[in-house]
Amino acid sequence: MPELPEVEVVRLGLDGNITGRTLSDVEVRHPRAIRRHILGAGDFTGRLAGRKVVATRRRGKYLWVELSSGMDADLALLAHLGMSGQLLIQPPDAPDEKHLRVRFRFDDDGPELRFVDQRTFGGFLVDDLVTVDGTALPSAIAHIARDPMDPRFDARATVAALRRKKTELKRALLDQTLVSGIGNIYADEALWRARLHWSRPTERLSAAKAAEALAAATDVMREALGQGGTSFDALYVNVNGQSGYFDRSLAVYGQERLPCRRCGTAIRREPFMNRSSYFCPRCQRRSPG
DNA sequence: AGTATCCCCTGAGCGC
DNA sequence: TGCGCTCAGGGGATAC
């Protein structure tokens, strides 16, 4: 469940299901799921056993759980879902999923947490918390910018930073060190709302239009969160395996050849960074106008 | 230093 | 049927 709304849906599910519980056995079923934990599976499981989940957090598309650690320094279990990762709360006797990569058991023998990930782009690490700009973050994501749902997100500063870049607007919106949480779906939706073409050079963008694009991204992600996120298929589900409904509200993403909701022109798809950009060729011109 | 491309993986859908 | 190709809500590691 990759973009901000989907990750937040997962975080909320984790919060209600594992906060206050203590980890016991952790089973790493696929090494790629912990490839970013440099010290390996033994260290990973050893550092988690006996730790209690005290909070769940998110920045952009990353989420983590803060673990009580007694006398030690504060620790976090950091997760990224990649393209196809799911975090599921399951009864211990539920059959293993085909792509089960990590199983987290708790000392109450209650429902377990499972990481299921078809493409293995997602994964975990146990990390130290550091303070960056007044906020505690796992050190591995110290470079990730605040996302638009962060109370301390600075829209003006982000607009200024965006306009200092020399790149295409959509690349900037996807740059997680500039603003985090926006992915391919919500970038396209935001650009459509702001009537901007994905390839608009950032240096030729007024502050007002940059602010509009950013506000549109914020709005569309907030709306998507309200609908439980975007799911086209069973890959994108909450911790209980349920899909969100925002796919019904998408104006352009995945809508190639369908009429634009504003002007009726057929939505187009263009190659973009080995993926796609969807846009309305009439509402979203390459040049200002 | 900042930006752009490559690459990691599995599976679904399509044309032939 | 099966093969080969394209495509998929990501980001890090390199290359320029």
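Reminder, nothing fancy here: chain letters follow the sequence lines and each chain counts from 1.
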query = Sub-3.5 Å donor-acceptor pair from the side chain of A:N184 to the main-chain atoms of A:S277, do we have one?
reply = no
query = Between atom CG in A:N184 and atom P in C:dC7, what is the gap in whole Å?
reply = 13 Å
query = Quick one: A:F121 CZ to C:dG12 P, roughly how many Å, whole number?
reply = 13 Å
ask   = With rounding to whole Å, what would you report as the distance between B:dA12 and C:dG11 at their P atoms?
value = 24 Å
key: Sugar-phosphate only, base, or nothing, as touched by A:H30 at under 4.0 Å among non-hydrogen atoms   = nothing
Nearest-nucleotide 5' precedence on DNA chain B, A:N274 against A:K166 = A:K166
message = So, OP1 or OP2 of B:dT10: does either fall under 4.0 Å of a side-chain N or O from A:H99?
response = no
ask   = Is the distance between the ring centroids of A:F246 and A:Y236 under 6.0 Å?
value = no
message = Side-chain N or O of A:T120 versus OP1/OP2 of B:dT10: is the shortest distance under 4.0 Å?
response = no
message = Categorize A:F246 for me: base, sugar-phosphate, or nothing, with a 4.0 angstrom heavy-atom threshold over every strand shown.
response = nothing
message = Please confirm whether the shortest side-chain N or O distance from A:T167 to OP1 or OP2 of B:dA4 is below 4.0 Å.
response = yes
key: Whole-Å distance separating the OH atom of A:Y236 from the P atom of C:dA8   = 11 Å
inquiry  = Using only atom types and a distance under 3.5 Å, with no angle test, would you say the side chain of A:R101 pairs donor to acceptor with the backbone of A:D117?
reply    = yes
inquiry  = Over all strands shown, is A:R35 touching base, sugar-phosphate only, or nothing at heavy-atom distances under 4.0 angstrom?
reply    = nothing
query = How many Å lie between CZ on A:R119 and C1' on C:dG12, as a whole number?
reply = 15 Å
query = NA contact type, A:F232, heavy-atom cut-off 4.0 Å: base, sugar-phosphate, or nothing?
reply = base
remark   = Out of B:dT5, B:dC8, C:dA8, minimum distance to the side chain of A:R32 belongs to B:dC8
query = Is the distance from OP1 or OP2 of C:dG11 to the nearest side-chain N or O of A:R36 less than 4.0 Å?
reply = no
ask   = Between A:E203 (CD) and B:dG2 (P), how many Å, whole number?
value = 15 Å
ask   = What nucleotide, of B:dG11, C:dA8, B:dT5, holds the atom closest to the side chain of A:K98?
value = B:dG11
ask   = In Watson-Crick or G-U wobble terms, both distances under 3.5 Å, what is the partner of B:dT10?
value = C:dA8
request  = Can you tell me the distance, in whole Å, between the CG atom of A:L174 and the P atom of C:dG12?
outcome  = 14 Å
query = About how many Å separate CZ of A:R59 and CZ of A:F153, when rounded to the nearest 0.5 Å?
reply = 11.0 Å
ask   = Just by modelled atom types, is the A:G181 backbone N or O under 3.5 Å from a matching donor or acceptor in the A:Q176 side chain?
value = yes
ask   = Side-chain N or O of A:Y62 less than 4.0 angstrom from OP1 or OP2 on C:dG12?
value = yes
request  = Respond yes when some side-chain nitrogen or oxygen of A:K165 is under 4.0 Å from OP1 or OP2 of B:dG2, and no when none is.
outcome  = no
ask   = Is A:R195 reaching over with its side chain to a backbone N or O of A:L191, donor-acceptor style, under 3.5 angstrom?
value = no
Euclidean distance, atom CG of residue A:D175 to atom P of B:dG2 [Å, nearest integer] = 11 Å
ask   = Does a side-chain N or O from A:R171 land closer than 4.0 Å to OP1 or OP2 of B:dT5, or not?
value = yes
Distance, rounded to the nearest Å, where A:L125 contributes CG and C:dG11 contributes P = 15 Å
task = May I ask you to verify if any side-chain N or O of A:Q118 is less than 4.0 angstrom from the OP1 or OP2 atom of B:dG11?
result = no
